[in-house]
Amino acid sequence: MPSGPPAEPPEELTSPLAYEGAWRFTAPALESSVPQARHAVRDLLGEQRVPVAADIMDGLLLIVSELVTNAVQHAALLSPEIVVELAIGANWLRVAVEDNHPYRPKALEADEGDVGGRGLWLVKVLTAEAGGKCDVEHTANGGKAIWAELPLLPLPTSPPTVP
């Protein structure tokens, strides 16, 4: 029986993948920040060569738009600047939008005639459909961060059953 320290796992199993990491950027709480944040996230994923599926990317970009829009519309008075954070792991990504407003929103299902009010509900639906999760957390400065975590690849679908 050999003795000595346990063997080290191969380096490729312990080293992060080239695209793994976390990035944060700030933006003014203005409507113009919505497309800028969406484009920044999309461009960062492309630059890092993150292998994100097209339908996950579409959902992610819609989530970014909704979260930044909510911060701009509902928190700008107390938070003239917002923070967007993107964290990428081996097989997942997480986007968070942080503002300094203490109010924690709730996802509301709006009626057909409502013009707005579906943003956070839509984020929850998109996240759940992708097999991810989302939540709202308090920040150290008394504000909040709303985040969504998604897999890089969609959930496998079950093959249709033949009667």
K.L.:
Ignoring hydrogens and angles, tell me if any N or O in the side chain of S33 forms a donor-acceptor pair with the backbone of A29 under 3.5 Å.
P.N.:
no
K.L.:
Can you tell which of V64, L62, I63 makes a side-chain contact (heavy atoms from CB on, under 4.5 Å) with E66?
P.N.:
L62
K.L.:
Are V97 and V83 close enough, and set up right, to give a side-chain contact (heavy atoms from CB on, under 4.5 Å), and what steps lead you there?
P.N.:
CA-CA 6 Å; V97 175; V83 176; over 6 Å; no
K.L.:
What residues form a side-chain hydrogen bond (donor to acceptor under 3.5 Å, both in side chains) with R42, not counting sequence neighbours?
P.N.:
none
K.L.:
Would you say P154 and I56 make side-chain contact, with heavy atoms under 4.5 Å?
P.N.:
yes
K.L.:
Calculate, to the nearest 0.5 Å, the distance between atoms CG and CG belonging to L152 and L60 respectively.
P.N.:
10.0 Å
K.L.:
State yes or no: do L78 and I146 share one hydrophobic cluster built from I, L, V, M, F, W and Y residues joined by side-chain heavy-atom distances below 4.5 Å, directly or via other members?
P.N.:
no
K.L.:
So, taking the atom named OG1 in T26 and the one named CD1 in I82, what distance separates them when rounded to the nearest 0.5 Å?
P.N.:
9.0 Å
K.L.:
Using 0.5 Å steps for rounding, measure from the CG atom of N70 to the NE2 atom of H101.
P.N.:
12.5 Å
K.L.:
If you measure from CZ on R49 to CG on L17, what distance do you get to the nearest 0.5 Å?
P.N.:
14.0 Å
K.L.:
Spell out, yes or no, whether V50 and L44 are grouped together once hydrophobic residues are joined by side-chain heavy atoms under 4.5 Å, including indirect joins.
P.N.:
yes
K.L.:
Atom CG in D99, atom CD in E81: separation rounded to 0.5 Å?
P.N.:
11.5 Å
K.L.:
Would you kindly confirm whether L67 and M57 end up in one hydrophobic cluster when ILVMFWY residues are joined by side chain heavy atoms under 4.5 Å apart?
P.N.:
yes
K.L.:
Can a salt bridge be assigned to the pair E85 and R94 using a cut-off of 4.0 Å between side-chain N and carboxylate O?
P.N.:
no
K.L.:
Less than 4.5 Å apart, side chain to side chain, heavy atoms only: is that true for Q48 and E20?
P.N.:
no
K.L.:
For side-chain contact (heavy atoms from CB on, under 4.5 Å), just list the numbers for E98 and W147, CA-CA rounded to whole Å, side-chain angles, deciding distance to a tenth of an Å, and then say yes or no.
P.N.:
CA-CA 9 Å; E98 184 179 319; W147 58 267; over 6 Å; no
K.L.:
Which heavy atom of K133 sits nearest a heavy atom of T127, and at what distance?
P.N.:
N-CG2, 3.1 Å
K.L.:
Run the side-chain contact (heavy atoms from CB on, under 4.5 Å) check on I88 and L45 step by step: do they pass?
P.N.:
CA-CA 9 Å; I88 306 166; L45 292 170; 3.6 Å; yes
K.L.:
For P102 and H138, work out which heavy atoms get closest and say how close.
P.N.:
O-CE1, 4.2 Å
K.L.:
For P51 and Y19, work out which heavy atoms get closest and say how close.
P.N.:
CD-CE2, 3.3 Å
K.L.:
Go through the steps to decide whether V72 and L30 satisfy the test side-chain contact (heavy atoms from CB on, under 4.5 Å), and finish with yes or no.
P.N.:
CA-CA 6 Å; V72 166; L30 302 171; 5.5 Å; no
K.L.:
Side chain of S79, backbone of A75: donor and acceptor closer than 3.5 Å?
P.N.:
no
K.L.:
First locate atom CD of E149, then atom CG of D135, and finally report the distance between them rounded to the nearest 0.5 Å.
P.N.:
11.0 Å
K.L.:
If you group Ile, Leu, Val, Met, Phe, Trp and Tyr by side-chain heavy-atom gaps below 4.5 Å, do L126 and W92 land in one group?
P.N.:
no
